[in-house]
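In this text the structure is predicted, and so the values were computed from the model without any measurement.
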Amino acid sequence: MKKSGYRTTFHIYFIFLLTLIGTILSAILLFFLLITVRKPDGSYVRSDWPKAFTESFGRQIQFTDGTLRVTQAGIELLQDNGVGLQILAPDGLVAYSYGKPDFVSGSYSAFTGTVQDAGEDCVYILYFPMKISAITMYLNGDRFSGGRPVILTILCVLFLVILISGALYGFWTSRQLKRLTASIQDISLRRYLTDHSRGAFEDLYASLNTLDAEIRASDRLREETEKMREEWISNITHDLKTPLSPIKGYAEIIKEGDAGQEESYRRYAAVMLKNAAYMEALIDDLKLTYQLENGLIPVSRKNQNMVRYLKELAIDILNTPEYEDRVIGFDSTEDAIFYSFDEKLLTRAFRNLIFNAFVHGGEAAEVTLRIISFAGTLLIQLADNGKGIKQEEAEHLFDRYYRGTGTGTGEKPEGTGLGLAIAKSIIELHGGTISAAGTPGVGTVFSIEFPVS
């Protein structure tokens, strides 16, 4: 961790140093651009070059027998630098012109000089194809000369302050990063203590606090799920062994039995078949749970009348000998409500819900199906007048490894604990949602909602 801290300090220090160097280089470049101009041939010269050129160009203007002329060397200088020339006589009239632009715009800068002819001044004007601004400043020479060491001292002090502050900031940041690294390690080891530090890293510590809380909640949920899974496996093991015992026992009786006991054999065989069917249903539930969890179930949806479908499903259940004495009420706001669904899968879901109501609601429990269509939603409510459930039980009713509290003290709950979980998965597979609410002694209501386009 120490090496990491030193690397971080060096990294921040290096960033400060690069920033300082970049600032200095930018200042140098700006200064260079300010004190240089670009000639027509692309070369750069000092920005006082036009003035020096103007002052020296006076030697290229000559007077012979009162006639003004420009030397050949002067003409070549004008041509090479793209400079225009205009010479004014003492009376103000143009005495000579060469390469003067027809229109002097802001892209030209004019400089003037004088030459004498017979004691009289002639003014010449040079037009340079560049923009130059002249700034005049008057300085106190003594103070300027004496101030240079002061300026250099200030610059050196500023340089040292930046370097030292960068180093201090780097060490401070490194220390904060060490704390953050230690906090992350503590979170991974589940020993992190909530930190409410203020300052530049306040938001980061708040995020770490939230992360730790979520991880701890996830750990608790995983422990609860693991506990439920272990209980479920124990129950499933017991449920599988329970039907095996009578099958094995009656099979041995039949094997060792005497002739003339055909009636007893038929009764034993019926018990064996019933337990075998229970085992087959249990294994089928386990397989379907795995397929739904891993998305291995093919869905064949077809647009059908949901009202008619549920009526026929209720009639089919009541025609089953086991439930022929039960009552299923039906209530719908419309005669036909169409929805696209897989009939085989949805039948499994609603059968599980209805059978769950009959099994846990008591022998006198009645079930009512209500279908309501409103605002693009298909609502199906399955209500019973059974023993009801508590709110804390309703919250876990659809958990995959959960089974209800049973019908009485010490009584083992019926079923595998997978029926409602399977129903929920099938309904969600169709784009719907399911919830449960109940009141002890009053009954339970399952609400299923499907979106209708």
Determine yes or no for a side-chain-to-main-chain donor-acceptor pair under 3.5 angstrom, with Asn352 supplying the side chain and Gly419 the backbone.
yes
Going from CD on Gln185 to CD1 on Ile187, what distance comes out if it is rounded to the nearest 0.5 angstrom?
10.5 Å
Are Phe341 and Phe450 an aromatic pair, judged by ring center distance below 6.0 Å?
no
Would you indicate whether Phe330, at its atom CZ, is surrounded by more than 12 heavy atoms from other residues, nucleotides or ligands within a distance under 6.0 Å?
yes
Distance-only, no hydrogens or angles: does the Asn81 side chain make a donor-acceptor pair with backbone N or O of Val83 under 3.5 Å?
no
Can you name the nearest heavy-atom pair linking Gly431 to Pro451, along with the distance?
O-CD, 3.2 Å
Side chain proximity check, Leu313 to Arg351, heavy atoms < 4.5 angstrom:
yes
Take Thr368 and Arg370, measure what side-chain contact (heavy atoms from CB on, under 4.5 Å) needs, and give me the verdict at the end.
CA-CA 6 Å; Thr368 301; Arg370 300 187 185 93; 4.1 Å; yes
Kindly give the heavy-atom pair with the smallest separation between His396 and Glu392, and that separation in Å.
CD2-O, 3.3 Å
Is Ile24 close to Ile28 at the side-chain level, that is, under 4.5 Å between some pair of heavy atoms?
yes
Spacing of Met306 atom CE and Tyr339 atom OH [to the nearest 0.5 Å]:
7.0 Å
Quick check for you: to the nearest 0.5 Å, what is the distance between Asp195 atom CG and Arg179 atom CZ?
5.0 Å
With a 4.5 Å limit on heavy-atom distance, are the side chains of Val452 and Thr377 in contact?
no
Do Tyr124 and Thr112 come within less than 4.5 Å of each other through their side chains, counting heavy atoms only?
no
Is there a donor-acceptor pair under 3.5 Å between the side chain of Thr210 and the backbone N or O of Ala206?
yes
Assess the residue pair Leu126 and Leu78 against the criterion (side-chain contact (heavy atoms from CB on, under 4.5 Å)); give the C-alpha distance rounded to whole Å, side-chain angles, the decisive distance to 0.1 Å, and a yes or no.
CA-CA 9 Å; Leu126 294 177; Leu78 296 175; 4.0 Å; yes
Please output the side-chain donor-acceptor pairs of residues 84-96 that fall under 3.5 Å, not counting sequence neighbours, one pair per line with the distance.
{"from": "Gln86", "atom 1": "OE1", "to": "Tyr127", "atom 2": "OH", "distance (Å)": "3.1"}
{"from": "Asp91", "atom 1": "OD1", "to": "Leu93", "atom 2": "N", "distance (Å)": "3.1"}

Do side-chain atoms of Asn209 reach the backbone of Tyr205 as a donor and acceptor pair under 3.5 angstrom?
yes
Separation between CD of Glu449 and CD1 of Ile427, rounded to the nearest 0.5 Å:
11.0 Å
Should the heavy atoms of other residues, nucleotides or ligands under 6.0 Å from CZ of Arg46 be counted, would the total exceed 12?
no
With side chains defined as the heavy atoms from C-beta onward, is the minimum distance between Ile426 and Leu346 less than 4.5 Å?
yes
Determine yes or no for a side-chain-to-main-chain donor-acceptor pair under 3.5 angstrom, with Asp212 supplying the side chain and Leu208 the backbone.
no
By side-chain hydrogen bond (donor to acceptor under 3.5 Å, both in side chains) - contacts of Tyr98 (at least two apart)
Gln79
Looking only at heavy atoms, the pair that brings Ile328 and Phe358 closest together is CG1-CZ, 3.8 Å
Is it true that Asp219 and Arg222 have a side-chain N and a carboxylate O under 4.0 angstrom from each other?
yes
Just by distance, do the side chain of Thr347 and the backbone of Glu343 share a donor-acceptor pair under 3.5 Å?
yes
One should read off an interatomic distance between His360 NE2 and Ile389 CD1, to the nearest 0.5 angstrom, of 10.5 Å
Could you tell me if the side chain of Phe446 sits less than 4.5 Å from the side chain of Thr444, heavy atoms only?
yes
Pair Tyr108 + Phe128: ring centers closer than 6.0 Å
no
Using a strict threshold of under 4.0 Å (side-chain N to carboxylate O), is an ion pair present between Arg301 and Asp342?
no
Taking Ser332 for its side chain and Asp335 for its backbone only, find out whether a donor-acceptor pair lies under 3.5 Å.
no
Looking at Leu193, I want to see if its CG is surrounded by more than 12 non-hydrogen atoms of other residues, nucleotides or ligands under 6.0 Å.
no
Heavy atoms, side chains only, cut-off 4.5 Å: are Val299 and Leu429 in contact?
yes
Stepwise side-chain contact (heavy atoms from CB on, under 4.5 Å) check, Ile184 with Tyr192:
CA-CA 8 Å; Ile184 294 173; Tyr192 175 78; over 6 Å; no
Given Arg348 and Lys344, is the side-chain contact (heavy atoms from CB on, under 4.5 Å) satisfied, shown in steps?
CA-CA 7 Å; Arg348 181 66 175 271; Lys344 181 179 179 181; over 6 Å; no
So which heavy atom on Pro50 is nearest to which on Met130, and how close?
CG-SD, 4.1 Å
Arg69 side-chain N/O to Thr67 backbone N/O, donor-acceptor pair under 3.5 Å
no
Distance from Ile434 atom CD1 to Ile448 atom CD1, nearest 0.5 Å?
4.5 Å
Quick one: do Arg220 and Glu224 make a salt bridge, cutoff under 4.0 Å?
no
On a heavy-atom basis, which atom in Leu379 and which in Ser447 lie closest, and how many Å separate them?
CD1-CB, 4.3 Å
Tightest non-hydrogen contact, residues Leu382 and Ala357, listed as CD2-CB, 4.4 Å
